[in-house]
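Values below: every heavy atom of this structure, side chains too, minus hydrogens, waters and symmetry copies.
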Amino acid sequence: VIGTQKTVLIVYAHQSPGSFNAAVRNVTVKALEEQGCRVIMSDLYAMNFRANATYDDIIGDWKNPELFQYGEETMHAWKEGRLSEDIVAEQNKIKEADLVIFQDKKAMLSFSTGAMPTMFRPDGINGDINVTLWPLQNGILHFCGFQVLAPQIFWCPVHSPHVARTAMLEGWQARLKGLFAERPLTFAPCELFDLSFQGGFLLHPSVREEYRSLPYGITTGHHLGKPLPPDNQITAQPPDENSGNSASEDNQITAHRVISRNVVCLFSFPSRRPASRLWMGF
């Protein structure tokens, strides 16, 4: 049982209450509450959550009526309390959380597939699952300052027998008991790069030289022309692995993304509908 109560935000997106993903959600809520966690939910379909980012996200006049620039206008709107109510409501859910600070925030993807694991191998028909997950886990979660835990992938439940689906749920329930103690995935920390326009935001030459003799690149995205680090986006590395750390405090996060509290987020996005506006303003 977790000693100090933690708040868990579940971001859920599935239309059917009888789906496997709904069963995953129910198991998640039950297991976390049994550990003393407070669970809050964002059910995007039930909320009719609007995923597209438009000027409707801003209340009042634009700062530059001649040219609408979403990032700049939402920055001003956030500072002046003029973001739309649905975005503010989601921000408030994160503010209610009480797990440490933003830079150490944890997040993870939890999703089901319609494909077998072999179909997401480098030689499978869908390609390497690590490459598929890279833009989501690095480009969204890690970029926003989250420590990203290994995803929970439920492989092909729709074509699995009942006993296999039950085993999937039981395995997830067991994992939830130790979720807060898990090591995050590995991403390249900002200090490996020359963070200037003059330097092109490229790796420092010394870092490239260090990896010259190593068998793999730094991460799935920073492969340096070498084989990808094995399962870089689905398995956390042990402490003695020589690679970058996760969610460096030097992440360049714009001011309107900074929140001083923390939450663990479980995402269940089996559908194609995006949820980009959910984190707008963080």
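Considering only residues two or more places apart in sequence or on other chains, S206 meets the side chain to side chain contact (heavy atoms under 4.5 Å, CB included) condition with H204. Annotation: side chain to side chain contact (heavy atoms under 4.5 Å, CB included) contacts of S213 (sequence neighbours excluded): none.
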- Mind running side-chain contact (heavy atoms from CB on, under 4.5 Å) on I125 and F120 for me, showing each step along the way? CA-CA 7 Å; I125 189 170; F120 275 102; over 6 Å; no

- Query: Could you go step by step and tell me if M41 and K93 meet the side-chain contact (heavy atoms from CB on, under 4.5 Å) rule?
  - Reply: CA-CA 9 Å; M41 182 83 62; K93 290 178 184 178; over 6 Å; no

- Query: What's the verdict on side-chain contact (heavy atoms from CB on, under 4.5 Å) for T54 and R50, showing C-alpha distance, side-chain angles and the deciding distance?
  - Reply: CA-CA 10 Å; T54 72; R50 182 168 56 85; 3.4 Å; yes

- Give the C-alpha distance, both sets of side-chain angles, the deciding distance and a yes or no for side-chain hydrogen bond (donor to acceptor under 3.5 Å, both in side chains) between N232 and T219. CA-CA 6 Å; N232 174 250; T219 64; 4.8 Å; no

- Do Q91 and L83 pass the side-chain contact (heavy atoms from CB on, under 4.5 Å) test, and can you show the C-alpha distance, the side-chain angles, and the key distance before you say yes or no? CA-CA 10 Å; Q91 291 178 335; L83 290 174; 3.6 Å; yes

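In plain terms, the two heavy atoms of D56 and S84 that are nearest each other are O-CB, 3.8 Å. Here the closest heavy-atom approach between residue H142 and residue A188 is recorded as NE2-O, 4.2 Å. Between P215 and P227, the shortest heavy-atom contact is O-CD, 3.5 Å. For A22 against P17, the heavy-atom pair with the smallest separation is CB-O, 3.3 Å.
In this structure, the side chain of D57 does not engage the main chain of A53 through any donor-acceptor pair within 3.5 Å.
Residue pairs meeting the salt bridge (charged side-chain N to carboxylate O under 4.0 Å, His left out) criterion with at least one member in residues 212-230, sequence neighbours excluded: E209-R212. Pairs passing the side-chain hydrogen bond (donor to acceptor under 3.5 Å, both in side chains) check and including a residue from residues 113-127, sequence neighbours excluded, read R121-D123. Pairs engaging residues 129-139 under the side-chain hydrogen bond (donor to acceptor under 3.5 Å, both in side chains) rule: D128-N130, Q137-Q233 [sequence neighbours left out].
By the 4.0 Å N-to-carboxylate-O rule, E73 lies too far from R82 to be salt-bridged with it. A salt bridge is defined here as a Lys NZ or Arg NE, NH1 or NH2 lying under 4.0 Å from an Asp or Glu carboxylate O, and R175 with E182 meets this definition.
Under the 4.5 Å side-chain contact rule for hydrophobic residues, L203 and F197 share a cluster. When the side chains of ILVMFWY residues are joined at heavy-atom separations under 4.5 Å, either directly or via intervening members, W155 and M116 end up in two distinct hydrophobic clusters. With hydrophobic clusters built from ILVMFWY side chains whose heavy atoms lie under 4.5 angstrom apart, I218 does not share a cluster with L202. Cluster membership for Y216 and I234, using ILVMFWY side-chain heavy atoms within less than 4.5 angstrom, is not shared. When the side chains of ILVMFWY residues are joined at heavy-atom separations under 4.5 Å, either directly or via intervening members, L195 and L192 end up in a single hydrophobic cluster.
Two residues are said to be in side-chain contact when any heavy atoms from C-beta on lie closer than 4.5 Å; L133 and F111 meet this criterion. Side-chain contact between S42 and E90 is present, with heavy atoms from C-beta onward closer than 4.5 Å. The closest side-chain heavy-atom distance from T74 to W78 is not below 4.5 Å. Taking the side chain as every heavy atom from C-beta outward, L228 and V131 approach each other to under 4.5 Å. Between C37 and F180, some side-chain heavy-atom pair lies under the 4.5 Å cut-off. Side chains of L224 and R208 form a contact here, defined as non-hydrogen atoms less than 4.5 Å apart.
Ring geometry, F154 versus W172: the interplanar angle exceeds 60°, so the pair is classed perpendicular (tilted spans 30 to 60°). The aromatic rings of Y55 and W62 sit tilted, their planes meeting at an angle between 30° and 60°.
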Considering only distance and modelled atom types, tabulate donor-acceptor pairs under 3.5 Å from the side chains of residues 156-163, sequence neighbours left out.
| unit_1 | atom_1 | unit_2 | atom_2 | d |
| --- | --- | --- | --- | --- |
| S160 | OG | C156 | O | 2.6 |
| H162 | NE2 | T166 | OG1 | 3.4 |

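Here the CG-CG distance, from L179 to L32, works out to 7.5 Å after rounding to the nearest 0.5 Å. Between atom NZ of residue K177 and atom CD of residue E34 there is a gap of 7.5 Å, rounded to the nearest 0.5 Å.
Two rings, from F49 and Y45, have their centers 6.0 Å or more apart. Between F193 and H222, the distance separating the two ring centers is shorter than 6.0 angstrom.
Atom CG of L67 sits in a crowded spot, with more than 12 heavy atoms from other residues, nucleotides or ligands closer than 6.0 Å.
When each of Q69, E80, E72, H76 is paired with K63, the side chain to side chain donor-acceptor pair (under 3.5 Å) condition holds for E80 and for no other. The side chain to side chain contact (heavy atoms under 4.5 Å, CB included) test with V29 is passed by exactly one of L176, V39, V24: V39. The residue from M168, E170, Q173 that alone fulfils the side chain to side chain contact (heavy atoms under 4.5 Å, CB included) condition with V27 is Q173.
Counted by atom type alone, Y12 and N21 present zero donor-acceptor pairs between their side chains at under 3.5 Å.
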